[in-house]
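These notes are about the structure you will find just below.
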Amino acid sequence: AQTVTQSQPEMSVQEAETVTLSCTYDTSENNYYLFWYKQPPSRQMILVIRQEAYKQQNATENRFSVNFQKAAKSFSLKISDSQLGDTAMYFCAFMKLPNQGGKLIFGQGTELSVKP
Amino acid sequence: DAGVTQSPTHLIKTRGQHVTLRCSPISGHKSVSWYQQVLGQGPQFIFQYYEKEERGRGNFPDRFSARQFPNYSSELNVNALLLGDSALYLCASSLDGSSYNEQFFGPGTRLTVL
């Protein structure tokens, strides 16, 4: 069975600074996707970034980037130039491939507060 | 375009009752997944439906059931409610439910069981 662990329940960062959220996972699968989702206080879960395990290059989306270490089973999210709107719960998630069932396995979440 | 919609927004029930939650996917999406998010935890997968057939089921008791209609909307039913069923229930839609298509989440239904 796959598990996803986020060891930082809460984090805070000053506006415009950089913050890194940690995620580790456990799987015996070789092919999978990893995701970071953002859940603002409004509750709507939004995809931030996705990484395919077979790709060595780390994914980036504007101010968001990941550090994917497959051997260490580590998948951290770096947010650069933090903005007040980045305040939210962040969830790391895993999906094995192939996957016709659409099952995402989520970590416990990290609550990020961006302070002015 | 409208996103994933869920109804109702909030719901209060008592133990032993039955509840039905509803989800309308994004237009053109044929797959719907349901997740339970207990306060302070990450979402847990309950079901996925594609073309009205169940494609995946999480580790939930038989009190939980779901179905998908010809217009691809979906219902999640929970019988004999327990206090532990209190949670945010999230619906997510995708084009065909495969790994390669992003899942888009709705705002959720907050269920409180007293």
Side-chain angles (χ1 to χ4, degrees), chain A residues 1-10 21-25 27 29-55 59 61 75 88-111, chain B residues 2-6 8-10 23 25-26 29-51 53-60 66 68 74 87-111:
Chain A
Q2 293 82 23
T3 59
V4 177
T5 302
Q6 294 177 248
S7 59
Q8 305 153 314
E10 298 177 358
L21 309 183
S22 300
C23 172
T24 58
Y25 59 95
T27 184
E29 305 289 336
N30 194 45
N31 295 319
Y32 48 88
Y33 283 161
L34 293 165
F35 306 84
W36 278 98
Y37 281 89
K38 169 184 177 182
Q39 189 177 39
S42 65
R43 302 186 314 206
Q44 196 117 13
M45 192 86 73
I46 304 164
L47 178 64
V48 174
I49 199 165
R50 181 172 84 172
Q51 174 78 42
E52 291 89 341
Y54 58 87
K55 288 187 177 179
E61 286 287 343
F75 183 62
M89 283 291 290
Y90 286 81
F91 292 97
C92 178
F94 171 98
M95 179 187 285
K96 73 174 185 177
L97 298 176
N99 191 322
Q100 294 301 309
K103 179 180 180 179
L104 284 162
I105 298 170
F106 287 88
Q108 306 93 315
T110 296
E111 185 173 9
Chain B
V4 177
T5 59
Q6 293 186 244
T9 305
H10 295 89
C23 171
I26 291 171
H29 285 193
K30 298 181 178 181
S31 174
V32 169
S33 297
W34 287 96
Y35 291 82
Q36 180 196 64
Q37 186 177 13
V38 173
L39 191 63
Q41 298 182 18
Q44 282 200 295
F45 175 78
I46 310 175
F47 287 112
Q48 193 214 32
Y49 276 77
Y50 173 65
E51 290 283 13
E53 291 190 0
E54 182 185 300
R55 253 194 186 173
R57 173 186 283 258
N59 188 24
F60 279 81
Q68 187 177 33
S74 177
L88 180 67
Y89 288 84
L90 297 171
C91 171
S93 79
S94 65
L95 281 171
D96 63 4
S98 71
S99 318
Y100 308 99
N101 291 307
E102 180 180 346
Q103 294 189 33
F104 293 85
F105 284 83
T109 293
R110 171 71 65 190
L111 172 65

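By convention in this document, chain letters (A, B, ...) are assigned in the order of the sequence lines, proteins followed by strands, and residues within each chain are numbered from 1.
- Neither the backbone nor the side chain of B/Phe104 comes within less than 4.5 Å of any heavy atom of chain A.
- B/Gln103 is listed as a side-chain neighbour of A/Met95, based on a closest heavy-atom distance under 4.5 Å.
- One finds the CZ atom of B/Arg57 at 12.0 Å from the NZ atom of A/Lys103 (value rounded to the nearest 0.5 Å).
- Remark: side-chain polar atoms of A/Gln44 are paired, donor with acceptor, to backbone N or O of B/Phe105 under 3.5 angstrom.
- Between the CZ atom in A/Phe35 and the CD atom in B/Glu102 there is a gap of 8.5 Å [rounded to 0.5 Å].
- Applying the ring pair (Phe, Tyr, Trp, His ring centres under 6.0 Å) criterion to A/Tyr25, with sequence neighbours excluded, gives A/Tyr32.
- Taken from CE in A/Met45 to CG in B/Leu88, the straight-line distance is 8.0 Å, to the nearest 0.5 Å.
- Within the 4.5 angstrom heavy-atom criterion, no atom of B/Gln44 approaches chain A.
- In this view, B/Leu95 and B/His29, B/Asn101 satisfy the side chain to side chain contact (heavy atoms under 4.5 Å, CB included) rule, not counting sequence neighbours.
- Neither the backbone nor the side chain of A/Gln6 comes within less than 4.5 Å of any heavy atom of chain B.
- B/Leu90 touches chain A through its side chain: at least one heavy atom from C-beta onward sits under 4.5 Å away, while N, CA, C and O do not.
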